[in-house]
Amino acid sequence: MIARRLDPRHWPLRLRVPIVTALAVLAVSAVITEVLIDRLTAMQERDLRSLFSVYLDAVAASVTMPLLADDPWESFDALDRSAASEKAFPRPVLVVVDRRGSVVASSEPKRFHTLAPMPDLRGPDQRTTEPEGVVLVGDAAFARWPLTYQGRTLGAVLARFDMTFALRERRAFLVAAAVLSAAIAAAAAMLGYVAVTRMLAPIGVLSSHFGQGSTGAVVPIGEDSLARQTPEFRALFGRFNAMARAVDEREALAARLADEERLASLGRLASGMAHEINNPLGGLFAALDTLTRHDDEGVRSRALALLQRGLAHIRDVVRSALVAYRDDGAASPMRPRDLDDLRLLVEPELDRKGIVLGWRNDVDGALLVHTGRIRQAVLNLLLNASKAVVPGGAIRVHAFLDGALFVVDVLDDGPGMPPQEVDRLVGSGPAESPPLGHGLGLWIVRRLVSGSGGRASVDRMDGLMTRVRTEWPILAHGDGAEA
Amino acid sequence: MAYDGRHINSVDQSRGASRRSLIKAVGILGACCASGLTSSHAAPAARELSFGLTPVFLSSDLDLIDALRAYLAKATGRAVRLVSRRTYQEVTAMLLSGEVDAAWICGYPYVAHRAALDLLAVPIWRGMPLYQAYVIVPAERRGASGLMDLAGDVHAFSDPDSNSGYLVTAAALAAKRLRPQDFFAKAFFTYSHRNVIRAVASGLADSGSVDGYVWEVMTETDPGLTAQTRVVRRSDRLGFPPVAAPSARSGSPEPAAIRAALLGMADDPVGRSVLGMLRLDGFGRGEPSLYDAIAAEAAVLQGLG
């Protein structure tokens, strides 16, 4: 994780752009400085060479006559005066040697004594055959300047010029360039940071709107914010808003579809329910008939009891249908009966196919849950199972509590759920577009489960039964839930 | 109108000097005006005086030259032209030929041409008309305590016609039957006592022959320079470089005027300022015999030659 954080490729843009900008400025500055230093060095050397040459010409002119007279004092005085009058560079070391190579006079008589053999101003380790003219070596310039009179060589002026002042100038230039480059780089980096931060601001807006989208409805970006953007981001925001509207429309469509499917499932059950109502009706009419025709108390009370049971059954069936029909999606207290009466809705259908329904509800008291959604989901799963199971097969429902979850397992001994249906039921992320045609029931189960903060899973039990488990968060328990 | 010309002359001569000299010259101008007025009433306009100077010690001291000219002009009531040349020989030649009315020369040329010269005045230094010749070496030089330790040196002389700057050393060597060109590895002339000191101080020369009076005065005026040198030999006291006039002009008013001016220098404020610059007490009459010792040394040298 740390290695990843250290990897520049994973640094944020608002850091990378200023760094890259600063590095680019520094690189350009380094190249320019290098070129300028080269130019400066070349110019300095050329200028110094010509400056030293002019200077040495003047010195040569002033010492030629004294040398001709073999006069150390006048030679020395000439060197002394020429050195003292020169302001452009530090006092050079000057030595006048005669034709035989012995010193006549020098600017530093204590080092280069009159009559001493010709010295080597360049030091023993750099001894070369001194070419005539000015030679630049490191921080010094050397010259052997011939002294001629009437075409004859009388001797020479040997010179050593200290050039550290030139090197200091170069160094000062380098330091100034480095400081300036650093300042420009810092300014560029700051500019880059500000520019990137400003440029990336719309990304932040977009990102926050996308973030809202993943937790709820996608909110389009406001018109005022849109108007402030650059053309590129205005177009992008426009597309985002179009997408947001499309997502909202699709969401609305999906909700409507789910609603319609709820009613449709009731419709699918309607014949069974009608049958369920109709079946006792014959017995009820028979009981009414008995009541009207018999006076015997025993018979009458039996007929009344039958009438009561039959009407109660009809009431339960109708109530169950109404509950399913009226569901508004809000959390409400669920008593065991609220789940159990689903049997009334599906049993006629299952009976018709000769399917055996096992029903076990381990929950005693009331729970505050999304009752309507649970009922709708379990109903859909039962209908789906009834389609999967062959006539004479078995479906089992088992409801129980698991910690803070209310769990409903729907098992069937059908051939198993095809993978695309499993995916439709338990796929990750928000429910995508409703499937075309088949499988709408499972897709709605997934919407209901994820909309309530629960989850759904599919298992194959012992290779015999397919178990679809839905887990629902319990918002409150017991009597509080009743209120 | 004659004194007008003198005024212009005075101003002209001060042109090119430092600002200080100019101010001084303007001050002197007032003095000239006063003396010019009195003299123009007393006598007809006199000829300009010419006075020769050897570079006795301060070849570049324009203040001194200005002050000396101002004093001589004031004291003599005449315009004064100071003439200086690089070598003693040139000044001596101008004196002998009568090109200058008088000149401050060295004892050596004086004894060499004693027959043709009149002694006008002798400077008094430290109460006496005497001075010494010094042999100096760089201050840091060890193992040199006399002239004979300087064999094989590069030696700086002042002038071949200078007593202290050549004759004394050459005569001392001659007494041992040595010649400078043999005794020293190399000898050269700087044509100024000040430059002898510079040559020795800088190390250009290993030793030098110099006027002791100049060396002593320079320890006051330029102590940094003389401190780099050390005296290893002091000669006997000898006659101070004199002021002489060509004897062919004996009796003419110019030498007399100059002599009177020199002898009266210590009694005049301008003259005293000149003497102050020169570190002299004044000028005395002096006797030709004062220079007999120098004449003897010259004889020794000639004997060797």
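Each chain gets a letter, A, B and so on, in the order the sequences are listed, and its residues count up from 1. What you see is a predicted model, and the numbers here were worked out from it, not measured in a lab.
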key: Largest heavy-atom contact set with chain A, pairs under 4.5 Å, which of T190(B), D206(B), V196(B)   = T190(B)
key: Proximal component of A187(B), with respect to chain A [non-hydrogen, under 4.5 Å]   = neither
message = So if I take each residue of residues 92-110 of chain A and look for any heavy atom under 4.5 Å from a heavy atom in chain B, which residues do I end up with?
response = V104(A), A105(A), P109(A), K110(A)
Can you tell me how far [atom2] of [Y] sits from [atom1] of [X], rounded to the nearest 0.5 angstrom?
{"X": "D159(B)", "Y": "E90(B)", "atom1": "CG", "atom2": "CD", "result": "9.0 Å"}
{"X": "H155(B)", "Y": "S207(B)", "atom1": "NE2", "atom2": "OG", "result": "4.5 Å"}
{"X": "D149(B)", "Y": "R233(B)", "atom1": "CG", "atom2": "CZ", "result": "12.0 Å"}

Please check if the distance between the ring centroids of [X] and [Y] is under 6.0 Å.
{"X": "W125(B)", "Y": "Y213(B)", "answer": "yes"}
{"X": "F188(B)", "Y": "W73(A)", "answer": "no"}
{"X": "Y191(B)", "Y": "Y88(B)", "answer": "no"}

Throw together a table of side-chain donor-acceptor distances under 3.5 angstrom for residues 153-168 of chain A, partners on residues two or more places apart or in other chains.
from	atom 1	to	atom 2	distance (Å)
D162(A)	OD1	T164(A)	N	3.0
D162(A)	OD1	T164(A)	OG1	2.9
D162(A)	OD2	T164(A)	OG1	3.2

request  = Would you mind checking which part of D80(A) comes under 4.5 Å of any heavy atom in chain B, side chain (CB onward), backbone (N, CA, C, O), both or neither?
outcome  = side chain
